[in-house]
Amino acid sequence: MASNDVQSQISALRDEIAQLQKDLGERGAEAYETVRERAGSAMEAARPAVRSATKYVRNEGAAVAQTAREHPAALSTLLLGAGLAGIVLGYLLGSLESEPPRRQRWF
């Protein structure tokens with residue numbers, strides 16, 4: 001009798017586990033569809049903004065290129081100044097990270 005009771009409990013637990021797996025699978029599929037729909041609508045909403053930003057960046061890039069063609073000396077001066085500023089900033093940051101020299105006493 002005890003063996004029959006244990007067998008029936010194990011069978012009931014297996015049925016419950018199977019039902020839980022089925023429910024979990026259905027909820028996962030529903031959640032996936034919901035996320036997929038939201039992502040699709042977000043992409044559709046963002047598409048005009050991305051197109052506008054792309055057009056703006058192209059126009060600004062063209063304006064910068066035109067200015068660089070018209071004023072090559074100004075561009076080279078600007079690039080040289082930015083390079084020198086980067087070197088000075090790198091040197092200063094590098095010197096801050098090094099340890100100060102230790103004083104040695106010989107007496």
Under 3.5 Å, which donor-acceptor pairs do the side chains of residues 78-87 form with other protein atoms, sequence neighbours left out?
none

### Message
Is there a side chain to side chain contact (heavy atoms under 4.5 Å, CB included) between Lys55 and Arg51? Walk through the geometry before answering.
### Response
CA-CA 6 Å; Lys55 191 181 296 183; Arg51 284 184 183 151; over 6 Å; no
### Task
Mind checking the CG-CG spacing from Leu24 to Leu20? Nearest 0.5 Å is all I need.
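If I round to the nearest 0.5 Å, the distance is 8.5 Å.
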### Message
Applying side chain to side chain donor-acceptor pair (under 3.5 Å) as the test, list every pair that has at least one member in residues 12-22; sequence neighbours left out.
### Response
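Residue pairs with at least one partner in residues 12-22: Gln19-Asp23.
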### Message
With heavy-atom distances below 4.5 Å as the criterion, would you say the side chains of Asp5 and Ser8 are in contact?
### Response
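In contact.
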### Query
Is it true that Arg27 and Glu30 make a salt bridge, defined as a side-chain N closer than 4.0 Å to a carboxylate O?
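Looking at Arg27 and Glu30, the cut-off is not met.
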### Query
Does Pro48 offer a backbone N or O that forms a donor-acceptor pair with the side chain of Ser52 under 3.5 Å?
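Checked: no pair found.
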